[in-house]
Structures are given as C-alpha cells and as structure tokens.
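Worksheet: one structure, shown below.
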2 protein chains.
Amino acid sequence: MNPSQYADRLIRKLETLADLSDEEKHALRGLPMTVKAFGADQDIVREGDCPMECCLVLTGMLFRYLVLDDGRRQIMGFYIPGDIPDLQSLHITIMDHSVGTLVPTTVAFIPHQSLNDVNARYPTVANALWRDTIVDAAMFRLSMVGLGRKSAHERIAHLLCELLVRFKAVGLADDERTCAFPITQGELGDALGLTTVHVNRVLRDLKRDGLVTLRGRSLHVDDWERLRELAKFDPTYLHLEGRKATE
Amino acid sequence: MNPSQYADRLIRKLETLADLSDEEKHALRGLPMTVKAFGADQDIVREGDCPMECCLVLTGMLFRYLVLDDGRRQIMGFYIPGDIPDLQSLHITIMDHSVGTLVPTTVAFIPHQSLNDVNARYPTVANALWRDTIVDAAMFRLSMVGLGRKSAHERIAHLLCELLVRFKAVGLADDERTCAFPITQGELGDALGLTTVHVNRVLRDLKRDGLVTLRGRSLHVDDWERLRELAKFDPTYLHLEGRKATE
DNA sequence: CGGATACTTGAGGGTTGTCAAAATATGTGG
DNA sequence: CCACATATTTTGACAACCCTCAAGTATCCG
C-alpha cells in the first residue's frame, strides 16, 4: 500500500456514508496522516488516554475492548480497513475503553485539529463522520440484543454474518462467501459474553451442520441462508444504504 | 410546564455538552416544537419508521427497545427529561428499533429540517448534538460490558447507580439519594438480559443487605458506597464533565 | 370494588461456566 | 528447515447461575 492510497481508504469509507464532491475529496486527500505499523496484540489507544488524533485502519484488524478489575474482558467490536474506531475522541476527551490490534496492522493517525478544520469547512464531511459514529452506535445496540436475549448459537452465527457483510461492503472479501477471520475462540467469547470452551462447542455444531468452514485464518460460509436464518441476521442496522440527504 | 420552558429543557441538556453563546441559545429557543402528551406504554417511534422530526423528553420517561420475532425483547436504554432519544434519526433514515413510554410522558417534536438549519449555522450546536449521540454510544458500550461479563447483581446495581446519577445531573432527583423509578421488574429484566423472576430475587438481596429501598415508584439508595462498589460504577462513561473544546 | 398488572416464592431443569488435560497449530531461533 | 516453546483448539466431567413453569399475593386503577 503506497501513501497516495491511504486517503483512498478513508474516501471509500465515507462514500458509503455520503456523496462527496471533488472538492471534498481533495480536502480529504490533503489531510496529514502519520502511518504506523503495529504488531499483533498491541494497544493503539488505552483507557484513560486523551488522544489528539484519530486512527484510520489501513490494513489488518483492530478490536475495541474494556478489561474489568478482576480480568474479565468485554470486546465491543472488531474494525477492518476503512474504519475509524476512535472517531468519538473528536468529541469526548477521555477514552473509556481501549483499542488494540488483533493481527499486525497499519494505522494512519489524523490530528483532531485537521479533522475539525475540514469539518468546519465541509459540512457534508462532518455529517458523514457524524453518521459513522451513529452507525457505530447502531452496531453496539444490536450487540446488546445479542448479549441480552440471544443464545450462544445465535450470537456466534450473527457475528459471522456481520463480518462477512462488512468485508464485502469495503471490497475486501476474498469472494462472495469468504473473508479473513483472524479472531481466536477466546476473543470470540469475550466479544459475545461466552467462554472459550463454549465457543468451541458451538463452532463444532455450526461446522458439523454444514453452515461454515473455518480454515487457517479465514471464514467460509457454506450455507448462507441457514446461517442468516439461525442468526436472524438483518443488515439494516449497518445502514449500508438508504442514507439521508442533509442538505 | 409552560411553553417557554420547553426550550429550557433542551438548553439545559446541551449546556452539559458545550458552552452556548446567547445567540445560540436564542436560536434554540426559536426552534419550532410540537408538544404531545402520551399515555403509558405507547410507542413514540417504531422500528421501520422514517421519522421527519426528533423527540425531546419534557416530562416522564421513555425507553428504547427491540422485539425479536419470537417476542424476546431487549431494552437498550431509559430516557429522562432533556434526553433526545432519536437524535440519530437526523442521519439515518430508517429506525432499527422502537422508542416507547414507560409512564405518561410529554414530548416535544422538533422537525429535522429546523435542527439541520440550526446545525448549519451554529457549529457549536451541531457539535453538542454530535457529542450527545457519542455519549449515547458510550452508554451502549458499557451496557455491553454488563450484559456480556457481569453477574445479575452487578448489572442491577449498576443500572440503579446510573439512573440516580443521571437524574441528579439534570436536577430532577428528589434528593441526593432518591429519584423516580417507574420501571417494572419485567422491564428491568428486558434491559439487563434477565427474567422477571431473577430480577425479583436479586432486588430482594439488595434490599435485605440494606443497599437500596424501592417504595412506590421511587428509588432510594441507602448505602451508596457499597452499591457503587458492587456495581463497580464509574461515571466516566457518562461524560458529564471534561468536555472538549472544538473551536 | 373488581379486574388487571405487578410482585413474590418454590421446585426443578438447562444452557453455560469452571476446572483440567490432551491434541493441534503457530511462531521463533538456531 | 527443524526443534522447541507458546498459544490455541478440543474434549470430558461436573457445577452454578439463571431460566421455566406454576401458583399465590399484593398493588394499581377505573
């Protein structure tokens, strides 16, 4: 990935959130970005930090999490290229959770100041970013439904559906039914409120029933219709279409 | 409550999110509002709707929820006077969940168009509203931690702490340790991923141990320190202070 | 006052957690 | 490229938290 493509990731993402004029795209290309490569299992921002920049995922994968005093961990979401997981830090000073790498990941840091300048000048961009934080919130809400009211089988099936759809939306799926899946069973458990052991048993069921195959670090969905039905997956909450004109 | 006070609720809330100039306050007072009174257990907006206005709670209490096909329900949050629970509808067309009344409630509807006009003219207001949706997201995230990783006792204690603090923040607590609590045990269960029966048993424990008293429809915290400790309640996520200047 | 809603309590069961250990995969240095 | 250390996956036995079902009591409200 070469430097001129960094902004492309961002633009491609924002175009799923708003129609951008050439001038706006030009302004986005002008944003200063500091690119940094991280190894696996490293924190990008930590609970208690007051970051002065936002991070854009270029390659690899991040996750958002909180660890309680006694070691219990809740993972609140996984982030793929194009995502800006700490966009919220533009408006709230202190991080109430951490963001770390799942695998070796490159990230572009964009100073808050620069983003605020672009936002002040281009309301369409500001609204697209606002919209991104709102879609994030919709994903949290749906996770709440899973954690509070769905069985382990439903939760796991739902996460698999969501990841495939999101990878496809940014053009990074290997094919129509296959995408990267660098998430361990322990991490899956922490994201879904389950233990490693139980995640393992449920995945065994899903494989046995011919719904999915997990090989190496990739996910292949063998029977999308049945997986979708089990998960009751409805991509509405991702708000990938039907966005609203604000002008 | 008389009409001139409607905008005061909104201004009071936004002042917890940003410093407003007199001109900005004046613009907010000029927002057209249609006030409507609802009975208990009525929907304000429903999943699938495409609202053209936002609702501001004036008196009473609302809750945000989603019902699955088979009747399982997840409540995603409770809303008190000053809150704007469907602010997100400014930026995503279709409601992916519903908002209903817990008790008889009066609500002011503000047309999206008018809010967008004010936002375009007063970036501080737009940023305050953006910040509000971001704080909402922080609350969803913390709910995920509870649902995924905390025991029934911890979850219930946490919700009680949060409600008292939020009522105090908008000046509507009866006193330092008492506030309204018009939530049934069934609704508590749907918010916390538990059954009515289990909520009842846990509340019995909390009362027996001298942590709280629930009388009529109000909550009194008898031992704040122990309740806070049990819940591991840390109000950081409500972002009631330490907001960030964006100019 | 009467019907509906909400709360309370008991008995028993199931999904999921805990503990423990073995098998397999992954990664790294020599 | 192999050997070893580490992380991850897998399996089993057992326990616990919370659920389900059921019935009775209290409370609210017209």
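Fair warning: this is a prediction, and the values are worked out from it, not measured in the lab. In what follows, every chain begins at residue 1, and chains take the letters A, B, ... in the order their sequences are listed.
- Taking a 4.0 Å limit (strictly below) on heavy-atom distances, residues 154-164 of chain B does not reach DNA chain D anywhere.
- Minimum atom distance to the side chain of B/Val197 is reached by D/dA22, of the listed D/dA22, C/dT16, D/dT8.
- The CG atom of A/Leu214 sits 14 Å away from the C1' atom of C/dA25 (whole-angstrom rounding).
- Between the CG atom of B/Asp205 and the P atom of D/dC17 there is a distance of 12 Å, given to the nearest Å.
- Remark: aromatic rings of A/Phe140 and A/His97 are distant, center separation not under 6.0 Å.
- Between B/Leu206 and B/Leu160 the shortest side-chain heavy-atom distance falls below 4.5 Å.
- Within the nucleic acid shown, B/Gly193 comes within 4.0 Å of sugar-phosphate atoms alone, with no base atom in reach, counting heavy atoms only.
- If you measure from atom CG of A/Asp41 to atom P of C/dG27, you get 11 Å, rounded to the nearest angstrom.
- Side chain of A/Asp223 to backbone of A/Arg226: a donor-acceptor contact under 3.5 angstrom is found.
- OP1 or OP2 of C/dT15 has not a single side-chain nitrogen or oxygen of A/Lys150 nearer than 4.0 Å.
- Look at CZ on B/Arg217: it is 9 Å from C1' on C/dA6, rounded to the nearest Å.
- Environment of NZ in B/Lys207: crowded, with over 12 heavy atoms of neighbouring residues, nucleotides or ligands closer than 6.0 Å.
- Rounding to whole angstrom units, CG of residue A/Leu188 and P of D/dA7 are separated by 19 Å.
- Taking every side-chain heavy atom of A/Thr184 into account, D/dT8 is the closest of D/dC19, C/dA6, D/dT8.
- Mapped onto DNA chain C by nearest heavy atom, A/Val202 and A/Gly216 fall at different nucleotides, with A/Val202 at the one closer to the 5' end.
- Within the nucleic acid shown, B/Leu203 has no heavy atom closer than 4.0 Å to any nucleic acid atom.
- Nearest to the side chain of A/Gln185, among D/dT9, D/dC18, C/dT8, sits D/dT9.
- Between B/His153 and A/Thr196, the residue whose closest nucleotide on DNA chain D is further toward the 5' end is A/Thr196.
- If you take CZ of B/Arg149 and C1' of C/dG17, they are 10 Å apart, rounded to a whole angstrom.
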*Check the pair B/Met76, B/Met139 against side chain to side chain contact (heavy atoms under 4.5 Å, CB included), reporting the backbone distance first and the verdict last.*
CA-CA 9 Å; B/Met76 300 151 183; B/Met139 294 174 60; over 6 Å; no
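- Mapping A/Gly186 and B/His198 onto DNA chain D via the closest heavy atom, the residue that lands nearer the 5' end is A/Gly186.
- Looking at every heavy atom in both residues, A/Pro182 comes nearest to A/Val103 through CB-CG1, 3.5 Å.
- OP1 and OP2 of C/dC7 both lie 4.0 Å or more from every side-chain N or O belonging to B/Asn200.
- One distance of note links CG of A/Leu58 with CG of A/Leu10; it measures 9.5 Å at 0.5 Å rounding.
- In this model, the phosphate group of C/dT9 is not approached by any side-chain N or O of B/Arg201 to a distance below 4.0 Å at OP1 or OP2.
- Ring pair A/His158/A/Tyr237 is tilted by interplanar angle, where 30° to 60° counts as tilted.
- Distance CG (B/Leu192) to C1' (D/dC19): 16 Å, rounded to an integer number of Å.
- One atom, CG of B/Leu147, and another, P of D/dC18, lie 12 Å apart when rounded to the nearest Å.
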